[in-house]
Structures are given as structure tokens and as C-alpha cells.
Amino acid sequence: MERNKYGVLDHDVTMPSGEVVYNPMRVVPDGDGCEVVFTLRRLTDMSHGEFARDAGLVQADLQRLKRVLEAAG
């Protein structure tokens with residue numbers, strides 16, 4: 001597989017309903033490190049509570065990614 005030199009990590013997530021949700025994600029160089037940018041979108045039929053839960057799960061995933069990358073660096 002060719003290395004992604006643009007930092008694009010966009011991906012699709014298939015929901016239990018079968019709906020596919022597009023998730024934009026970028027890695028931007030920042031000095032000796034980088035910044036990871038993930039766009040979280042609220043689906044039209046999502047309650048505020050469901051969106052808050054999703055936001056918490058994404059935050060936990062990004063914190064886990066940070067730990068993994070810092071340990072490898």
C-alpha cells in the first residue's frame with residue numbers, strides 16, 4: 001500500500017442500522033509532532049444524549065491514539 005503523504009485518514013463507519021457514516025480525519029504536521037483533527041457530526045435523528053455519548057467515545061479513542069503514538073515516539 002502506498003504511504004499517504006497528505007495525512008488524510010477519512011473513513012466510513014457502518015452503523016447497526018446499515019447506514020454508512022463518512023468521518024473526515026486529518027493528521028497535520030506540527031513541528032516535531034502532529035495534530036489529529038476528527039470531525040464529529042450529529043446525525044439528524046440523534047438525541048443530544050446520543051451525540052454526547054458519541055463525542056465521549058471519540059474523545060476516548062483519540063486519547064488512546066495519543067498514548068499509543070507518544071509511546072512509539
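Below, all heavy atoms of this structure are taken into account, side chains as well, without hydrogens, waters or symmetry copies.
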Under 4.5 Å between any side-chain heavy atoms of [X] and [Y], yes or no?
X	Y	result
L43	E19	yes
V27	E35	no
R41	Y22	yes
V8	M25	no

Single-linkage hydrophobic cluster, 4.5 Å side-chain cutoff, [X] and [Y] together:
X	Y	answer
V28	L65	no
L9	F38	yes
Y6	V37	no
V21	M46	yes

Inter-residue atom distance [X].[atom1] - [Y].[atom2], 0.5 Å rounding:
X	Y	atom1	atom2	value
L40	N23	CG	CG	8.0 Å
L62	R67	CG	CZ	11.0 Å
R42	D54	CZ	CG	11.0 Å

**Q.** More than 12 heavy atoms of other groups within 6.0 Å of H11 NE2
**A.** yes
